[in-house]
Amino acid sequence: MKNSSNALVLYFSLTDNTKRAANTVAEITGADIEILRLEEPYSDDYTEAAKRAEQEKDQQIIPELRPLNHHADPKMIKWMAGRRLEV
């Protein structure tokens, strides 16, 4: 989805729940949307992916991201990826 908006919805989703929410936000706001892709993708096996994510969290590791198709400040994206949001 490309438009003239300055807004970009970035998301990461293992199970497509976040993907659905991100698509809804992009539709409502008219923003562009793009998935965050890791240089070393998580396993398709949910248990293995969850184990790796827990280890990364415990060791305060932020996985490296592949370049985006949209222009965005990589420092800001790294900062957002390192945030632990409480809902």
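No donor-acceptor pair closer than 3.5 Å links the side chain of R66 to the backbone N or O of E40. Of the possible donor and acceptor atoms, one in the side chain of E34 sits under 3.5 Å from a partner among the backbone N and O of N69.
Not counting sequence neighbours, the partners of E54 by the salt bridge (Lys or Arg N to Asp or Glu O under 4.0 Å) test are K57. Applying the side-chain hydrogen bond (donor to acceptor under 3.5 Å, both in side chains) criterion to N17, with sequence neighbours excluded, gives T15, R20. Every residue meeting the side-chain contact (heavy atoms from CB on, under 4.5 Å) condition with T18, not counting sequence neighbours, appears here in chain and number order: Y11, S13. Not counting sequence neighbours, the partners of R52 by the side-chain hydrogen bond (donor to acceptor under 3.5 Å, both in side chains) test are E56. Taking the side-chain contact (heavy atoms from CB on, under 4.5 Å) definition, one finds that D45 meets it with S43, T47, E48, sequence neighbours left out. K51 pairs by the side-chain contact (heavy atoms from CB on, under 4.5 Å) definition with Q55, not counting sequence neighbours.
Considering all non-hydrogen atoms of both residues, A31 and L8 come closest at CB-N, 4.2 Å.
Atom-to-atom distance recorded for L38:CG and I62:CD1 is 12.0 Å, nearest 0.5 angstrom. Considering CG of L65 and CG of L36, their distance stands at 5.5 Å, rounded to 0.5 Å. Within the model, atoms NZ of K19 and CD1 of I35 stand 6.5 Å from one another, a figure rounded to the nearest 0.5 Å. Between D44 atom CG and L14 atom CG the span is 9.0 Å, to the nearest 0.5 Å.
Within a 6.0 Å sphere centred on CD of E39, other residues, nucleotides and ligands contribute more than 12 heavy atoms.
Sequence neighbours left out, the pairs with a member in residues 36-61 that pass ring pair (Phe, Tyr, Trp, His ring centres under 6.0 Å) are F12-Y42.
Annotation: side chain of V25 is not in contact with side chain of I33 (no heavy-atom distance under 4.5 Å).
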